[in-house]
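All values derive from a computational prediction rather than experimental measurement.
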Amino acid sequence: MARFEATVDIDCPVAEVFAFLADGENDRKFSPRVRAISKQPAGPTAVGTVFRSTVKDAGMTTRREFRISDLVAPARIRWNEVSTNLVTAREGGYDLEPLANGRTRVRIFNDLEGHRLGKLLVGLAVAAARKDAPAFGQRIKAAVEAS
């Protein structure tokens, strides 16, 4: 399994952090690779909601499609990538834990897998994601706290 993880403590209550992260359209506020993102169907995020995005990775622009597979407020969000790119997130998610003083600990993870030529690239992709994981967590923290 090719997994990357990040954990970050956010200075906001768990319900606020959950609401921000469950709205996948907020991804563009902390992920510079996301160029555009939309949700289907409109309305609150639920199991089955699909987020479609255009992202730029390693100089390549691709279209991504993620389906929410599990949503337990305010503790857990899971998704599966259903698009067919060279490297995809077989499963990803957020685990949220309330801390003292209205703070929240968030763990994000993605299990990456390669398809076709991507089987040769998945190691490079996960290495880059692991290297960026602490900064990614800090971008999530900054975006949530600014919202």
Side-chain angles (χ1 to χ4, degrees), residues 1-58 61-115 118 122-147:
M1 175 171 36
R3 175 179 280 212
F4 80 88
E5 295 184 25
T7 301
V8 64
D9 292 351
I10 300 174
D11 295 327
C12 294
V14 69
E16 288 179 26
V17 177
F18 181 88
F20 181 90
L21 294 173
D23 181 357
E25 291 179 307
N26 284 325
D27 283 13
R28 66 179 158 242
K29 294 179 181 177
F30 57 82
S31 182
R33 58 192 282 274
V34 176
R35 302 297 191 228
I37 191 164
S38 64
K39 176 170 58 173
Q40 178 85 20
T45 300
V47 171
T49 297
V50 174
F51 290 94
R52 292 181 178 95
S53 60
T54 302
V55 302
K56 189 166 187 178
D57 286 314
T61 300
T62 59
R63 299 202 189 290
R64 304 278 173 166
E65 190 171 303
F66 294 90
R67 179 171 288 119
I68 299 297
S69 58
D70 190 20
L71 192 70
V72 179
R76 185 174 60 243
I77 303 168
R78 295 288 186 271
W79 58 80
N80 305 101
E81 185 170 355
V82 295
S83 48
T84 55
N85 289 290
L86 294 178
V87 176
T88 60
R90 182 176 52 81
E91 181 182 37
Y94 298 109
D95 292 314
L96 294 85
E97 172 189 352
L99 301 174
N101 301 319
R103 301 177 74 225
T104 303
R105 178 162 293 147
V106 176
R107 180 182 72 94
I108 181 175
F109 74 92
N110 273 299
D111 292 330
L112 304 179
E113 68 181 350
H115 310 278
V122 70
L124 296 171
V126 79
R130 285 177 180 156
K131 182 178 179 184
D132 183 56
F136 186 59
Q138 290 302 308
R139 289 192 302 271
I140 291 171
K141 174 182 172 65
V144 173
E145 291 175 359
S147 67

(message) Lys141: which residues meet the side-chain contact (heavy atoms from CB on, under 4.5 Å) condition with it, sequence neighbours left out?
(response) Val8, Ile10, Asp11, Gln138, Glu145
So do [Y] and [X] actually touch side chain to side chain, heavy atoms under 4.5 Å?
X	Y	result
His115	Thr84	no
Trp79	Asn110	yes
Val72	Phe18	no
Glu113	Thr88	yes
Ile37	Phe66	no

(message) With a 4.0 Å cut-off on N to O distance, would you call Asp23 and Lys29 a salt bridge?
(response)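 Salt bridge between Asp23 and Lys29, a charged N being under 4.0 Å from a carboxylate O: no.
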(request) Could I get the full list of ring-ring contact (aromatic ring centres under 6.0 Å, His included) partners for Phe4, not counting sequence neighbours? (result) none
How long is the gap from [atom1] on [X] to [atom2] on [Y], to the nearest 0.5 Å?
X	Y	atom1	atom2	answer
Leu112	Leu86	CG	CG	12.5 Å
Arg64	Glu81	CZ	CD	4.5 Å
Thr45	Lys39	OG1	NZ	4.0 Å

Which atom of [X] lies closest to which atom of [Y], heavy atoms considered:
X	Y	value
Ala6	Ala133	CB-O, 3.3 Å
Glu16	Cys12	OE1-CB, 4.1 Å
Ser83	Glu65	OG-N, 3.2 Å
Val17	Val106	CG1-CG2, 3.7 Å
Ala2	Val122	CB-CG2, 4.1 Å
Ile77	Leu71	CG1-CD1, 3.7 Å

Could you tabulate the donor-acceptor pairs under 3.5 Å formed by side-chain atoms of residues 91-102, not counting sequence neighbours?
unit_1	atom_1	unit_2	atom_2	d
Asp95	OD1	Arg78	NH1	3.1
Asp95	OD1	Arg78	NH2	2.8
Asp95	OD2	Arg78	NH2	3.4
Asp95	OD2	Arg107	NE	3.2
Asp95	OD2	Arg107	NH2	2.4

(request) Apply side chain to side chain contact (heavy atoms under 4.5 Å, CB included) to the pair Ile140 and Leu21, showing each step before the final yes or no. (result) CA-CA 9 Å; Ile140 291 171; Leu21 294 173; 4.1 Å; yes
(message) Would you say that more than 12 heavy atoms from the other residues, nucleotides or ligands in this model lie under 6.0 Å from the CZ of Arg63, or not?
(response)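 Not more than 12 within 6.0 Å, no.
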(request) Decide if atom CZ of Arg139 counts as having more than 12 heavy atoms of other residues, nucleotides or ligands within a radius under 6.0 Å. (result) yes
